Amino acid sequence: MELEAKESEITKSEFVKFMDLVKNRNPHEPEFIQAVEEVAETVIPFILKNKIYNGKQILTRMVEPERILMFRVPWINDAGKIIVNRGYRIEMSSAIGPYKGGLRFHPTVNLSILKFLAFEQVFKNALTTLPMGGGKGGSDFNPKGKSDVEIMRFCQSFMGELFRHIGHNTDVPAGDIGVGGREIGYLFGMYKKLRNEFTGVLTGKGLSWGGSLIRPEATGYGTVYFAQGMLETKGDTIKGKTVLISGSGNVAQYACEKATQLGAKVVTLSDSSGYIYDEEGIDADKLAFVMDLKNNKRDRIKEYIHKYPKAKYFEGERPWGVVCDIAMPCATQNEIDQEEASLLLSNGCFVISEGANMPSTPEAVHAFQAAKILYAPGKASNAGGVATSGLEMSQNSLRINWAREEVDQRLKKIMSDIHDSCIKYGKRDDGYIDYVRGANIAGFVKVADAMLAQGVV
Ligand code: NDP
Ligand code: 2IT
């Protein structure tokens with residue numbers, strides 16, 4: 001007992017010391033500090049118990065990006081005005097492969113948000129079992145309301161600097177919020193022109209120019225496959241369950257599609273203006289309407305109720321007060337707070353599979369874990385997207401295209417392997433699976449072993 005108390009004191013003081021260092025070095029970066037704290041909480045006790053990692057400053061090295069690029073992105077809008085945005089690429093870790101991770105175009109983008117995303121990406125990519133390091137980038141550019149030609153000019157200017165720093169063996173960006181197939185196309189076209197080479201430097205490409213089948217679907221599908229894996233541990237399935245989804249972009253759309261295909265009823269979707277509630281469920285036809293609305297018309301989710309008047313729209317609200325079995329936050333970071341977590345729990349929600357990155361605040365995560373529900377952090381449950389990007393890279397290198405079924409099978413296997421890794425490091429003595437601990441330690445071990453082997457670089 002005394003020994004245990006002493007050990008826990010040492011762990012606590014190491015944690016406080018480490019977090020003080022991170023906070024002092026990154027004072028204006030709340031999202032980055034939040035992401036690091038969540039990892040440190042579970043990984044520091046593990047390091048202290050495992051001599052090979054102790055004293056090697058591995059976590060201290062991991063929170064310092066290998067390189068940060070920040071650059072001016074000037075472009076001319078349709079009215080002939082010069083606009084200046086800021087571009088970024090965080091090259092966080094290349095311990096197990098080339099930097100890999102998406103680009104986010106959103107007005108809120110800043111160093112803190114991209115560093116949190118790049119840090120999460122390192123662990124997520126390690127979990128996929130594929131050889132990918134971690135990175136993230138983007139710009140404070142707001143694609144909303146811009147013409148196609150404005151998007152193209154912006155992407156060309158952005159790539160006019162980024163091309164110097166990336167490459168299919170160095171750093172391979174992809175999409176994230178505000179960056180989909182259209183943007184990847186314009187970015188790829190400019191890279192190809194500047195470098196005069198056709199390589200798999202970006203993933204999420206179109207099918208006729210190096211893209212992979214299932215990549216658009218992969219994040220959403222993977223999030224549902226992971227939820228299924230969690231339910232299986234309770235002898236349950238997703239069939240017949242009521243599901244809340246937030247967001248209505250890439251991840252939300254395909255999470256909705258797969259959940260519905262597997263017999264669940266998805267009753268909500270949202271965007272940053274509000275959410276829609278369709279008690280009868282958002283079936284394949286209704287989802288086709290949403291996909292056209294969001295991907296082609298680039299309109300708002302509230303249009304749904306004009307097409308389907310039995311549904312309701314709640315302006316300025318998030319969907320977490322609706323009664324459900326499963327919640328899949330698929331919009332953005334910190335979109336479920338403590339109050340909303342309590343609401344979900346009191347309404348009977350018992351599975352959370354995160355499609356977005358860090359959508360639950362630390363207080364919400366602690367509430368889910370205290371209630372011992374099935375809770376998966378994004379770095380495990382949304383890893384299907386980057387995993388399929390890894391499969392796209394493999395196909396590009398081999399210069400072949402795998403069939404849809406083959407990619408889907410590989411995606412399923414990867415999600416199931418990630419689930420196994422979470423159990424390996426996250427199962428507690430009482431049988432409860434702490435997916436946060438499991439994902440953090442499994443990701444850490446893979447990266448840390450590579451770092452130890454490669455020396456202090
Ligand atoms: P999209 O741009 O396709 O869609 C984003 C959706 O989230 C939109 O409905 C958008 O609404 C909503 N949203 C964005 N920002 C906010 C905000 N601040 N508040 C409320 N709603 C918001 O992006 P993705 O679907 O690709 O990404 C969604 C999430 O999934 C992100 O957290 C991303 O990091 C994560 N992710 C994405 C992967 C991918 O492969 N694309 C892989 C793994 C994780 P609006 O239109 O109003 O902005
Ligand atoms: O957060 C993520 O994992 C992504 N946006 C996908 C990254 C990728 O390289 O496919």
Side-chain angles (χ1 to χ4, degrees), residues 31 97-109 113-114 116-125 127-128 130 132-138 142-145 166 171-184 200-205 211-212 214-223 245-256 269-276 290-291 293-295 298-302 316-319 328-336 354-360 377-393:
E31 292 86 1
Y99 308 108
K100 179 84 196 88
L103 297 171
R104 178 176 290 192
F105 293 169
H106 195 272
T108 57
V109 160
I113 289 180
L114 294 180
F116 116 64
L117 288 163
F119 184 70
E120 290 279 290
Q121 200 81 45
V122 174
F123 291 81
K124 184 195 306 193
N125 293 4
L127 285 170
T128 66
L130 302 175
M132 298 182 290
K136 201 86 189 190
N142 184 1
K144 275 198 199 100
I166 61 174
D171 185 351
V172 183
D176 194 81
I177 292 177
V179 178
R182 174 181 60 168
E183 291 74 19
I184 294 293
V201 64
L202 292 158
T203 58
K205 299 185 290 298
S212 173
I214 301 283
R215 176 60 189 92
E217 294 89 338
T219 311
Y221 280 17
T223 304
I245 294 180
S246 64
S248 48
N250 172 268
V251 181
Q253 291 171 14
Y254 288 104
C256 180
L269 287 172
S270 71
D271 58 26
S272 53
S273 310
Y275 79 91
I276 56 112
V290 172
M291 286 182 171
L293 180 77
K294 300 304 284 189
N295 309 346
R298 299 185 188 273
D299 210 334
R300 311 303 295 159
I301 197 67
K302 74 169 170 224
E317 288 185 40
R318 299 194 282 223
M328 295 190 194
C330 295
T332 193
Q333 65 276 357
N334 292 328
E335 55 166 319
I336 303 180
E354 295 184 341
N357 286 305
M358 207 170 75
S360 310
K379 64 171 80 78
S381 47
N382 74 34
V386 73
T388 309
S389 279
L391 300 178
E392 182 172 330
M393 289 165 73

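In this text, all values refer to a predicted model and were calculated from it rather than measured experimentally. Every number for a ligand or one of its atoms is a count from 1 in the order of the listing. All values below come from the heavy atoms of this structure, side chains included, with hydrogens, waters and symmetry mates left out.
Within the structure, the closest approach of Gly180 to ligand 1 does not fall below 4.0 Å when heavy atoms are considered. Note on ligand 1: Arg104 sits in its first shell, one or more heavy atoms being nearer than 4.0 Å. Residue Arg300 places a heavy atom less than 4.0 Å from ligand 1. In this structure, Ser270 counts as a contact residue of ligand 1, since one of its heavy atoms falls inside 4.0 Å of the ligand. The shell of residues lying under 4.0 angstrom from ligand 1, judged by heavy atoms, excludes Met358. For His106, the heavy-atom gap to ligand 1 drops under 4.0 angstrom.
Under 4.0 angstrom from ligand 1, the non-hydrogen atoms of Cys330 all belong to its backbone.
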Q: Given salt bridge (Lys or Arg N to Asp or Glu O under 4.0 Å), test Asp271 with Lys294 step by step and report yes or no.
A: CA-CA 10 Å; Asp271 58 26; Lys294 300 304 284 189; 3.1 Å; yes
Q: Could you walk me through whether Val290 and Ile301 pass side-chain contact (heavy atoms from CB on, under 4.5 Å), step by step?
A: CA-CA 7 Å; Val290 172; Ile301 197 67; 4.1 Å; yes
Q) Could you walk me through whether Thr332 and Arg104 pass the side-chain contact (heavy atoms from CB on, under 4.5 Å) check? A) CA-CA 11 Å; Thr332 193; Arg104 178 176 290 192; 4.1 Å; yes
Q.
Assess the residue pair Arg300 and Ser272 against the criterion (side-chain contact (heavy atoms from CB on, under 4.5 Å)); give the C-alpha distance rounded to whole Å, side-chain angles, the decisive distance to 0.1 Å, and a yes or no.
A. CA-CA 9 Å; Arg300 311 303 295 159; Ser272 53; 3.3 Å; yes
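For ligand 1, the polar-atom distance check finds an N/O of Thr219 within less than 3.5 Å of one of the ligand's N/O atoms. Polar contact check, Arg215 against ligand 1: a nitrogen or oxygen pair lies under 3.5 Å apart. Backbone and side-chain nitrogen or oxygen atoms of Gln333 are examined, and none is located within less than 3.5 angstrom of a nitrogen or oxygen of ligand 1. Polar contact check, Lys124 against ligand 1: no nitrogen or oxygen pair lies under 3.5 Å apart. Ligand 1 has a nitrogen or oxygen under 3.5 angstrom from a nitrogen or oxygen of Val251. No N or O atom of Asp271 sits closer than 3.5 Å to an N or O atom of ligand 1. Residue Gly178 places at least one N or O, backbone or side chain, under 3.5 Å from an N or O of ligand 1.
At distances below 3.5 Å, not a single donor-acceptor pair connects side-chain atoms of Ser381 with backbone N or O atoms of Thr223. Lys100 places no side-chain N or O within 3.5 Å of a backbone atom of Met132 that could act as its donor or acceptor partner. Judged by distance alone, with hydrogens and angles left aside, the side-chain atoms of Thr219 form no donor-acceptor pair with the main-chain N or O of Val251 at under 3.5 Å. Side-chain atoms of Gln253 do not come within 3.5 Å of backbone N or O of Met291 as any donor-acceptor pair. Checking side-chain atoms of Asn382 against main-chain N and O of Ala356 turns up a donor-acceptor pair under 3.5 Å. Asn125 places a side-chain N or O within 3.5 Å of a backbone atom of Gly133 that can act as its donor or acceptor partner. Here the side chain of Glu120 pairs no donor or acceptor atom with the backbone of Leu117 at under 3.5 angstrom.
Atom OG of residue Ser212 and atom CD of residue Glu217 lie 9.0 Å apart, to the nearest 0.5 angstrom.
Ligand-side atoms of ligand 1 in range of Gly355: 30 (O), 35 (C), 36 (N), 44 (C), range being under 4.0 angstrom from any heavy atom. Numbered from 1 in the order shown, with element, the atoms of ligand 1 that lie under 4.0 Å from a heavy atom of Gly247 read 9 (O). Within ligand 1, the atoms closer than 4.0 Å to a non-hydrogen atom of Thr332 are 15 (N), 16 (C), 17 (C), 18 (N), 19 (N), 32 (O), numbered from 1 in the order shown. Below 4.0 Å from some heavy atom of Ala356 lie the following atoms of ligand 1, by number and element: 29 (C), 30 (O), 32 (O), 35 (C). Atoms of ligand 1 lying under 4.0 Å from at least one heavy atom of Ser248, given by number and element, are 9 (O).
Scanning all protein heavy atoms for the shortest distance to atom 33 (C) of ligand 1 gives Asp176 OD1, 3.2 Å. Of the protein's non-hydrogen atoms, the one nearest atom 48 (O) of ligand 1 is Lys144 NZ, 2.9 Å. Ranking the protein heavy atoms by distance from atom 45 (P) of ligand 1 puts Ser272 OG, 3.5 Å first. Protein heavy atom closest to atom 4 (O) of ligand 1, with residue, atom name and distance, is Gly249 CA, 3.3 Å.
By the salt bridge (charged side-chain N to carboxylate O under 4.0 Å, His left out) test, Glu354 pairs with no residue at all, sequence neighbours left out.
Side chain to side chain, Lys124 and Asn357 meet the donor-acceptor criterion of an N or O pair below 3.5 Å. In this structure, a donor-acceptor pair under 3.5 Å is present between the side chains of Glu335 and Ser246. Side-chain atoms of Thr203 and Arg215 form no donor-acceptor pair, as typed in the model, at a separation below 3.5 Å.
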Extract all N/O-N/O pairs under 3.5 Å that connect ligand 2 to the protein, and present each with both atom names and the distance rounded to 0.1 Å.
unit_1	atom_1	unit_2	atom_2	d
ligand 2	1 (O)	Gln121	OE1	3.4
ligand 2	1 (O)	Lys124	NZ	3.0
ligand 2	1 (O)	Lys136	NZ	3.0
ligand 2	1 (O)	Asn357	ND2	3.1
ligand 2	3 (O)	Gln121	NE2	3.0
ligand 2	3 (O)	Lys124	NZ	2.7
ligand 2	5 (N)	Lys136	NZ	3.3
ligand 2	5 (N)	Gly175	O	3.0
ligand 2	5 (N)	Asp176	OD1	3.0
ligand 2	9 (O)	Lys100	NZ	2.6
ligand 2	10 (O)	Arg215	NH2	3.0
ligand 2	10 (O)	Ser389	OG	2.5

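Atom 3 (O) of ligand 1 has its nearest heavy-atom neighbour, among Asn250, Ile113, Asn357, in Asn250. By heavy-atom distance, the residue among Ala331, Gly204, Gly378 lying nearest atom 28 (C) of ligand 1 is Ala331. Of the listed options Ile177, Asn382, Val386, Ile177 places a heavy atom closest to atom 27 (O) of ligand 1.
Between Lys205 and Ser389 there is no side-chain heavy-atom pair separated by less than 4.5 Å.
Residue Ala252 comes nearest to Ile245 through the heavy atom pair CB-CG2, 3.8 Å, listed as atom of the first residue, atom of the second, then distance.
For the side chain to side chain donor-acceptor pair (under 3.5 Å) with Asp176, the lone residue among His106, Gln121, Lys136 that qualifies is Lys136.
Proximity of atom 10 (C) of ligand 1 to the protein is not indicated, since no non-hydrogen protein atom lies closer than 4.0 angstrom.
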